[in-house]
Amino acid sequence: MSVVMSSPASDSAPKTQDERDLLLYEGRLQRPQMAKTPELARNGRLRHVIFSGQFNPALLDELAGVADVIRQLSKHRAGQDFLISLLHHKRAMLYFTQPSTRTFLSFMAACQILGITCNEVRDPQTSSETKGETRFDSLRMFSSYFDLIVMRSPMARLAESCAYLMNDLERSGNRSVPIVNAGSGADEHPTQALLDIYTLQRTFNFTSPNDSSYSSRFETLRTTPGCENLTKGLSNKTYAFCGDIGRGRTVRSLAMLLANYENVRLAFISPNHQSLQMREDLRERLTARGAQFYEFDSFEQTLDGKPIIETLDALYMTRVQREHDTSDDAAGYAALDLTQYCLTPQLVSRMKPYAPILHPFPRDQHFGEIPTEIDNDPRAMYFRQARNGMWARAALLAHVFDVDGHIMRFFHNDFSV
Amino acid sequence: MSVVMSSPASDSAPKTQDERDLLLYEGRLQRPQMAKTPELARNGRLRHVIFSGQFNPALLDELAGVADVIRQLSKHRAGQDFLISLLHHKRAMLYFTQPSTRTFLSFMAACQILGITCNEVRDPQTSSETKGETRFDSLRMFSSYFDLIVMRSPMARLAESCAYLMNDLERSGNRSVPIVNAGSGADEHPTQALLDIYTLQRTFNFTSPNDSSYSSRFETLRTTPGCENLTKGLSNKTYAFCGDIGRGRTVRSLAMLLANYENVRLAFISPNHQSLQMREDLRERLTARGAQFYEFDSFEQTLDGKPIIETLDALYMTRVQREHDTSDDAAGYAALDLTQYCLTPQLVSRMKPYAPILHPFPRDQHFGEIPTEIDNDPRAMYFRQARNGMWARAALLAHVFDVDGHIMRFFHNDFSV
Amino acid sequence: MSVVMSSPASDSAPKTQDERDLLLYEGRLQRPQMAKTPELARNGRLRHVIFSGQFNPALLDELAGVADVIRQLSKHRAGQDFLISLLHHKRAMLYFTQPSTRTFLSFMAACQILGITCNEVRDPQTSSETKGETRFDSLRMFSSYFDLIVMRSPMARLAESCAYLMNDLERSGNRSVPIVNAGSGADEHPTQALLDIYTLQRTFNFTSPNDSSYSSRFETLRTTPGCENLTKGLSNKTYAFCGDIGRGRTVRSLAMLLANYENVRLAFISPNHQSLQMREDLRERLTARGAQFYEFDSFEQTLDGKPIIETLDALYMTRVQREHDTSDDAAGYAALDLTQYCLTPQLVSRMKPYAPILHPFPRDQHFGEIPTEIDNDPRAMYFRQARNGMWARAALLAHVFDVDGHIMRFFHNDFSV
């Protein structure tokens, strides 16, 4: 993926300080992700959260454990009081120049669970940028007043550049704060991938409130025909993604994280249209990681000799992001039957009894990729997924501020309901 | 009053999920209020606050008592600290797609008095609705992250529908939070009615800081000619409403609540213009309740043989809501002398010595229904009324979250100045 | 400076209540500052913060001491917890109808350091003013719900009028809250002057973490050729201001405050253009105070026989405020070489080794008055200056709410790291 940070005039010499600032980091931005990861960590934990690639399975397990405990503690007043006191001396800046209600509000809620006070800048027009201030000067201002910057921007890699800026400031003895990427253009949205994984982790734990030492949901499921080899956890599963594969950064990030688990198969179901199909760069990255993946144009195409809708272990639906359509796109769609990529109760009834349906939300009532009739199906996981976003983000912030250990100790030693 | 929820195309079949969602509740929306009330309560207290009709005199007395105590506690640091600690683990969403600074800020302040952390969504353009999300999906998102939704919308009965949505979610074992209606179209504004009543309750207590066991303001008033039969409380009073009676939802709600008290007379003073006069539906509802009411077109028309300005016990002024004028309205007003419906110091001097002047605010400096010369008259109650809104809303939230008993016990047992 | 509060139609009789409200205070607004100061104080401390002229050197020293202690306390969790608990029962309204990200956010952060809960109204369009509410009614509403109003407005002297309104309310037994001016038109921006002074106070303390009883930075500096007579503190210094002198209210306020110190010289370096040069009213005020000041059009003009760039003790750079340009201004600039008023590494290398570079920020990347190459020079003080704004504003709020003594006692008696 190329760096899409400069203005149209990028071929010629940079004219503004904003352009020169970004050029400064060009070399560091162009490195492979693996070379960047150490720079984004500090003392064995994440300092800046920029890529979903920073989450390896061990860290994902750890964060899921913290998220679970925060969720448990939040059910009781004593637990809530403990959590609120943890970081109530911290102030966060939510710098969202690209609108996103859901991500914004769940970060707000996540901060508030830990007692962090939130501040926001959402409209770039009200900011000092209209007075000629550079983005980096704005960011340094935020880092002067606040202890954390959560940022969402239409510019790919702006968050990454800001992380480097903070590191350079730290090295020169200046104030520096953690940067958390809440979505950077079409590029990365690591905390969405985190909450998707957390939702799968919870689902594939196969527990039920009715579990006892005599019987459990997991054991019962394993006696169901076709589910004999079911295992707990994210390994040994087939994950299907349906809809706007080409432009869905959440699909891309989640697929790459799932490819880290053992014996995983990925199926991408999308219309035969170049904007919506998997892009070459994702194909290359999955191939490089040795992932098994399949490209389909229908729920009826087969895997293991059966239609994919019947063999998948989890289904990740997406919205067709029409706001990114070119005029060519709209014309191209006319020839396609896009309703095929909408779920129906009939399709759901053919899915495995445990297979969760996820969606990064919002869903589109006009496209109708998930009709509301499905909402009451126990496999419909998308509303819980949204709430999981709050727990997963709270866990991540606890990790970044190094209070996760404190949380785990409190839960295990001091907390009794 | 008809349900004004669907789009202009409502005659034909519903086309969007938003339209279908509302249709789902059509039957429940059409029931008489009495049939709805139980569904909005839980364990003998309000769960959702949707109609002013949910407030009966007993509950209004109880809420006034809580509001009084919150006001007393807020005068001292120990009381403030106690209040702030009550609900500091709760997060509220203020979802205001119809602008209202005063209602918005007083809800914010009310939440903060009790320690509730506030979040807001005010501009529907920045929300996910532009990505095709339904209103109900947005509401479920808010209920995922927050513990209370205070909503103000230009759509009549949207808040009511959302309360039913929350109840349905609760029934199906999903997360559900209280809905508080902060104004729904021309329909209902229950917390305004609550604060109006609270202001009257405080005023008609007739106490004074100078009261002693030898003399009291109430006893002194009763020796004033014409006030011999004065009683404490909201009963046995004549309430006059002046101005935009037709379109004032606050007038409608307050009048209906006052009709629940004994020996109450209601006088509506408005220009002879169909947009501004009392509407048929309010006439019918007051008649059904057996209320005594009068329609006047001047402060000089008589009741008990004297001009109404001299006989009223309380005067509720309103702003002519020109933003709701049709083009016909403006033409019709030209023939009227609207200045008659503006208060003057001369008129005020003829009022009873204790009769409070209320106004839901903002007042309109261009129309001039209450000139600033009157602000220093002891009967001018409209600024205190605004501040009472904060106390009354805090009391209501304490009731909804079931901490009102805790507040009363603390005040009576543990609190000493 | 004339009162610029009324609309263009101000010659004729006032038509709106807003105009009449302001006229009411005309007499008080026209008094000399000295006559106003007592009215803005209460019990020997500032009640309302309206003018930079309210800060005398003794108060500036006191506030700097409080700011230093708040900064020290904020480095440790116990200190942060103490500070957060101080005013967590207070609610502030930040009423910013003129946009300013930096001032706004630093006030937010300052409030949060002391535990004050913040609320904001920024877009006058969403406020009740569109319904005909007067500014004074809006302000009384804010004072009903909140305990402090921090306001920034494009109208000169609106904040001052609001302070008088609050005082009048107090006198008539009504609720009244402190007003803090966060910038009123081209008129006053007292907290910017406060943070500029605080930055100079810290810089001219000449301390270093490496100071010991054997050697100190101050003593070392005094052995440097040309610095033999260096003294600690703000007296005995030459302060240079460069850029938009004419329209910079920060320059005006800071210059007037510096003129209160002993043996101070002020040099104003600006292009030969009437919009950018010092205005007559500042000349008169400085002369009246007996200040020594110089007007230059280049860094190379001499003072004490050497170019000013080599003799200044502190350099205050400013942005040319092009948003205030008239069409004549733009034409006039074409004939000037404005690049002369931009700093370069070469110029900085000629400055005294300790002379701080300040800038009220944002700086303008298009004008380039301070290129980023200078950011790493130890004399570049502008980023610290921004952070100092937070400490200075927190100290000011602590003073207004009378908890500064509490802070000092805690630091000296109870606090040990």
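Here is the naming used below: chain letters follow the sequence lines, and residue numbers restart at 1 for every chain.
- Annotation: side chain of B:F361 is in contact with side chain of C:E133 (closest heavy-atom distance under 4.5 Å).
- With a 4.5 angstrom heavy-atom cutoff, B:L105 touches chain C via backbone and side-chain atoms both.
- No other option in B:Q112, B:M390, B:M108, B:Q80 has as many heavy-atom pairs under 4.5 Å with chain C as B:Q112.
- Atom CG in C:D137 sits 9.5 Å away from atom NE2 in B:H359 (nearest 0.5 Å).
- Here B:T101 contributes atom OG1 and C:F142 contributes atom CZ; the two are 6.5 Å apart, rounded to the nearest 0.5 Å.
- At a heavy-atom separation below 4.5 angstrom, chain B is approached by C:R175 within residues 165-179 of chain C.
- At distances below 3.5 Å, at least one donor-acceptor pair connects side-chain atoms of B:Q365 with backbone N or O atoms of C:Q17.
- If you measure heavy-atom distances from B:R77 to chain C, the contacts under 4.5 Å come from the side chain alone.
- Only the side chain of C:F146 comes within contact range of chain B, with at least one heavy atom under 4.5 Å from a heavy atom of that chain.
- Residue B:F104 does not touch chain C at all, counting heavy-atom pairs closer than 4.5 Å.
- Of the listed residues (B:T117, B:I84, B:L83), the greatest number of heavy-atom pairs within a distance under 4.5 Å of chain C belongs to B:I84.
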- Task: Please assess C:M141 against B:F383 for the test side-chain contact (heavy atoms from CB on, under 4.5 Å), listing each intermediate value before the final yes or no.
- Result: CA-CA 8 Å; C:M141 163 177 61; B:F383 285 112; over 6 Å; no
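- The environment of B:R379 atom CZ is dense: over 12 non-hydrogen atoms of other residues, nucleotides or ligands sit within 6.0 angstrom.
- Summarising the geometry of C:R91 relative to B:A109, their closest heavy-atom pair is NE-CB, 3.8 Å, with the distance given to 0.1 Å.
- Looking at C:H88 and B:D81, their side chains come closer than 4.5 Å, going by heavy atoms from C-beta outward.
- In plain terms, the two heavy atoms of C:S144 and B:R387 that are nearest each other are O-NH1, 2.6 Å.
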